[in-house]
Amino acid sequence: MIYEASFVAVAFFFVFVAITLGLSFYLGSKAKSSKGYFTAHGEIPWFVNGVAFAGDYLSAASFLGICGMIAFYGYDGFLYSIGYLAGWIVALFVIAEPMKRLGKFTFADALDARFQSRGIKLAAGISTLAVSVFYLIPQMVGAGVLVQPLLGFPHWVGVLLVGVTVILIVVSAGMVSTTWVQFLKGSLLVVFSALLTWMILNRGFQTEPGGEDGYVFRTLGPVNSASDFAGLPELQDAEEIPPSGAWANLPYRRFRNKETGVVSVWRLDETQPDEIYLREAQTVAKTSDGTVYVNGQEKGSKKGEAELHPVGNITRLPNDESKTGPVGLLSFFSTLQNSEVLLWGSSPAIKDEDGSETTVYYQKPTPGSRVLRPGEHPRFSGIRSGKTLDKLNFLSLMLALFCGTASLPHILIRYYTVKDEASARKSTIVGIGSIGFFYVLTLYMGLGAMTSGSMDVTNSNMAAPLLARSMNEWLFAAISAIAFTTVLGTVSGLILASAGAVTHDLVTHVFRVELSDSEKVRVAKISSVVVGAIAIALGILFKELNVSYLVGWAFSVAASANLPALVMLLFWKGTTRQGIIAAVTVGMVSSLAWILLSADTFSKVYGLPATDAVVPFSQPGIVTIPLGFATLIVVSLLTAAKTADD
Amino acid sequence: MQRHNARIGLILFGIYLLLYGGFVFINAFDPETMELTPIAGVNLAILYGFGLIIAALVLALIYGWLCKPTAADADVEEVKE
């Protein structure tokens, strides 16, 4: 699709950046000491901290990723919503109050409260940095991916813009400004998502023959045999291109128009043996010299020129109605359950002999009952496969989501910004309320986007902004600007957590550099700039890589490295210093190694066949989280006597 | 008071773990059950999913209501003064 920069979206974005920066510089005077810089003096009101939790936690992966996944595959994206929220239960019931009681500045503080050990500070500091960097990369790449269609700037400008803004926010007033930016972002995200949901329900459903540009994709048939298509009147002015080379044995047929020479690609649908259909597809082809062709024509750069057609429509409603009018919170689902939706799938790139690569996007008419059930997305289809390993992979992911939240360093440091344990508790409850409410809305927004006729088949991350554009231009501008602020809020939290780990854990305790209070703030500011610069560089470097799964890495590593140590420290008196160091190290290394040797990484990162992977399934949590616990127990038992002798 | 709060936390955590575990295991081992539409034509996958989110908030509120201030809490210190 061709995106034109929206002046209103650019204006919204810069107004928001100006407000946040203005606020940051205004608050700068309140963060001169290290306590002010890292924890906002512990004076943040609990309600503000609760909403800031939402602003910190609801990253671009939550807002854009989950909505996009639901819009393209249905219910499965909501499994992430459920898992991400469930993690907050661990945070509230197990971690929140002890974290506030034991720690001062960083996650390592709490872990090290009983032992005062350099080894614990080192292991926990490195784990904080590893988790934060994995989390940072997708946020930065996301900023670049978004900026192009939304604001009309190139990728690197988006990354730089977000990076510089965040560095200024963090350097000016540390946790004080970060908190208020997150509060603002959390509030805006929840309020505008609620507004968008209300508009979706008010609009209801209607059957449409095609997307919002009015283009109707053709379906030919049914015929008894694939050879019958050549005789159909719709294909009389076209000649078939023989399926040679990479196109052989694929379910596609190609026809060249005799007059215009434009090639159209169709997909064979042979689901019923005697009822064969040919459904018109969309294609994006990149030639060896870099020219891009869309549906057989050179891609345009302005509206009205060749571009992919927007998709996502309902083809049949219950009782063959054409329009439902406004629907309720539950009738939204029951209506969809009995409808038929036109989803779109995509092929892996087909490499021709002339060096060109073609991706085919094809129609997938899908009953609503399938859209609303789990197991349609490739990542979750294993639950229907009958294979135990596939089911273990699913359990492992859901376990990592459950355990990961309460182990994310940028979330944990928010507990130091409130005055006491009661405030830590209350702010988590507010966080659960606002995050839970938002996650409920993701299902409405995702399904609303799926049926809005405005989806871009090439980019699921654009689902929520494009849904907003199908409502009106102002809402699109607001949602786009909020998507950016989503990145700002999360990235500032991550940079602050990393700066804390460098200053407190590594420089002060591991390397034992004596620092005065103001020197600590200076080191933290320098660390923030360095981490921010690294984040900008990685964001530009990983531009081409599909990085959304890195958030999954961060959750798995955090859950495997941090949670066993934190939980056992709180609940088992036999925990020793060596046990904690070993558990953090083994959890971090084993989960990372598992990820690097998994089928997902083989196919997505190395470009190798998934079958070559060394580990039996992709998600490490179900193995490496128990391994972290086991390591801690064994090492603690082995070292307990020695520690007692000491 | 710390111990009182921790005990309530663990009990509520156990309840939620059962609810979440039930959801995950039904999805993994009997996904067809999630397609049933027991209430208002809405399937179990959505009802259970919404139920988990609502249950999280309800349990969180119960926890907040049952917890007592600990010695470190500002309110308690103010009372002492």
Side-chain angles (χ1 to χ4, degrees), chain A residues 75 78-79 81-83 85-86 88-90 92-98 100-101 318 328-335 337-338 369-370 372-375 380 382-384 390-392 394-395 398-399 402 419-423 425-426 428-433 435-437 439-440 443 570-571, chain B residues 1-2 5-6 8-17 19-21 23-37 39-65 67-77:
Chain A
Y75 183 84
F78 191 56
L79 288 169
S81 296
I82 292 166
L85 183 80
W88 280 93
I89 286 293
V90 185
L92 174 64
F93 293 153
V94 185
I95 305 293
E97 290 164 63
K100 175 67 193 162
R101 190 165 62 240
L329 288 169
L330 288 180
S331 62
F332 177 81
F333 299 115
S334 57
T335 306
Q337 173 88 15
N338 297 305
S369 57
R370 282 187 61 173
L372 296 178
R373 70 178 195 176
F380 294 104
I383 61 173
R384 296 185 184 278
D390 288 344
K391 291 179 188 299
L392 275 179
F394 171 74
L395 294 179
M398 296 309 281
L399 180 68
F402 189 56
K419 63 177 179 177
D420 54 25
E421 290 172 45
S423 303
R425 185 168 64 234
K426 286 183 208 163
T428 316
I429 296 171
V430 172
I432 288 178
I435 294 168
F437 179 57
Y439 279 141
V440 167
L443 194 55
L570 298 177
F571 295 101
Chain B
M1 287 306 127
Q2 257 174 38
N5 293 357
I8 293 171
L10 283 181
I11 293 168
L12 295 174
F13 174 74
I15 293 172
Y16 196 81
L17 188 63
L19 293 174
Y20 183 74
F23 176 80
V24 173
F25 276 90
I26 294 175
N27 271 303
F29 296 103
D30 193 11
E32 286 74 25
T33 303
M34 285 295 177
E35 294 174 43
L36 301 175
T37 50
I39 300 170
V42 181
N43 73 14
L44 188 62
I46 293 169
L47 292 173
Y48 204 152
F50 279 4
L52 277 174
I53 292 176
I54 293 164
L57 182 62
V58 170
L59 292 180
L61 289 170
I62 292 174
Y63 180 66
W65 183 56
C67 273
K68 295 176 181 170
T70 64
D73 285 341
D75 298 349
V76 175
E77 279 165 19

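Just the heavy atoms: all of them, side chains too, but no hydrogens, waters or symmetry mates, feed the values below. So you know, we letter chains A, B, ... as the sequences are listed, proteins then strands, and number each from 1. For clarity, every value in this text was computed on a predicted model and none was experimentally measured.
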**Asked** Which answer fits B/Tyr16, side chain, backbone, both or neither, if we ask what part of it has an atom under 4.5 Å from a heavy atom of chain A?
**Response** side chain
**Message:** I want to check something: taking the side chain as every heavy atom from C-beta on, are A/Leu372 and B/Ile46 in contact at a cut-off of under 4.5 Å?
**Reply:** yes
**Prompt:** Taking all non-hydrogen atoms of both residues, which atom of B/Cys67 and which atom of A/Glu97 are closest, and how far apart?
**Reply:** SG-OE2, 4.5 Å
**Request:** Compare every heavy atom of A/Phe394 with every heavy atom of B/Val24, then report the nearest pair and how far apart it is.
**Result:** O-CE2, 3.5 Å
**Prompt:** With the threshold set at 4.0 Å, does a side-chain nitrogen-carboxylate oxygen contact exist between B/Glu35 and A/Arg370?
**Reply:** no
**Prompt:** Under 4.5 Å between any side-chain heavy atoms of B/Phe50 and A/Phe78, yes or no?
**Reply:** yes
**Asked** Of the non-hydrogen atoms in B/Ile53 and A/Gly436, which two are nearest, and what is the gap between them?
**Response** CG2-O, 3.5 Å
**Asked** Which pair of non-hydrogen atoms, one from B/Ala28 and one from A/Lys391, has the smallest distance, and what is that distance?
**Response** O-NZ, 2.7 Å
**Asked** Do the side chains of A/Met398 and B/Asn27 get nearer than 4.5 Å, heavy atoms only?
**Response** no
**Complete:** Honestly, the part of A/Leu570 sitting under 4.5 Å from a heavy atom of chain B is neither
**Prompt:** With a 4.5 angstrom heavy-atom cut-off, which part of B/Leu59 approaches chain A: side chain, backbone, both or neither?
**Reply:** both
**Asked** Can you tell me how far the CG atom of B/Asn43 sits from the CZ atom of A/Arg373, to the nearest 0.5 Å?
**Response** 10.5 Å
**Prompt:** Would you say B/Phe25 and A/Leu395 make side-chain contact, with heavy atoms under 4.5 Å?
**Reply:** yes
**Most contacts with chain B, counted as non-hydrogen pairs under 4.5 angstrom, among A/Gly382, A/Pro374, A/Gly83** = A/Pro374
**Asked** What part of A/Leu392 is in contact with chain B, defined as an atom under 4.5 angstrom from a non-hydrogen atom: side chain, backbone, both or neither?
**Response** neither
**Asked** So, does A/Tyr75 use its side chain to make a donor-acceptor pair with the main chain of B/Ala45 at under 3.5 Å?
**Response** yes
**Message:** Quick one, B/Asn5 with A/Arg425, criterion side-chain contact (heavy atoms from CB on, under 4.5 Å). Give me CA distance, side-chain angles, the key distance, then yes/no.
**Reply:** CA-CA 10 Å; B/Asn5 293 357; A/Arg425 185 168 64 234; 3.4 Å; yes
**Request:** Examine whether an atom of A/Val440 lies under 4.5 Å from a heavy atom of chain B, and if so say whether it belongs to the side chain, the backbone or both; otherwise answer neither.
**Result:** both
**Message:** If I measure from the heavy atoms of chain B, does A/Phe571 come under 4.5 Å with its side chain, its backbone, both, or neither?
**Reply:** side chain
**Complete:** Scored by heavy-atom pairs under 4.5 Å with chain B, the best of A/Ser334, A/Ser331, A/Ala96, A/Gly375 is A/Ser334
**Message:** Quick one, A/Ile89 and B/Tyr20 - any side-chain contact, counting heavy atoms below 4.5 Å?
**Reply:** no
**Request:** Select, from B/Leu61, B/Leu57, B/Asp30, B/Leu47, the one with the greatest count of heavy-atom pairs under 4.5 Å involving chain A.
**Result:** B/Leu57
**Proximal component of A/Leu92, with respect to chain B [non-hydrogen, under 4.5 Å]** = both
**Request:** Output the option from B/Ala55, B/Gly64, B/Gly49 having the highest count of non-hydrogen pairs under 4.5 Å with chain A.
**Result:** B/Gly49
**Request:** Go through the steps for A/Phe93 and B/Ile11 under the test side-chain contact (heavy atoms from CB on, under 4.5 Å), then give the verdict.
**Result:** CA-CA 9 Å; A/Phe93 293 153; B/Ile11 293 168; over 6 Å; no
**Request:** Among the options A/Thr335, A/Leu399, A/Ile429, pick out the one with the most heavy-atom pairs lying under 4.5 Å from chain B.
**Result:** A/Ile429
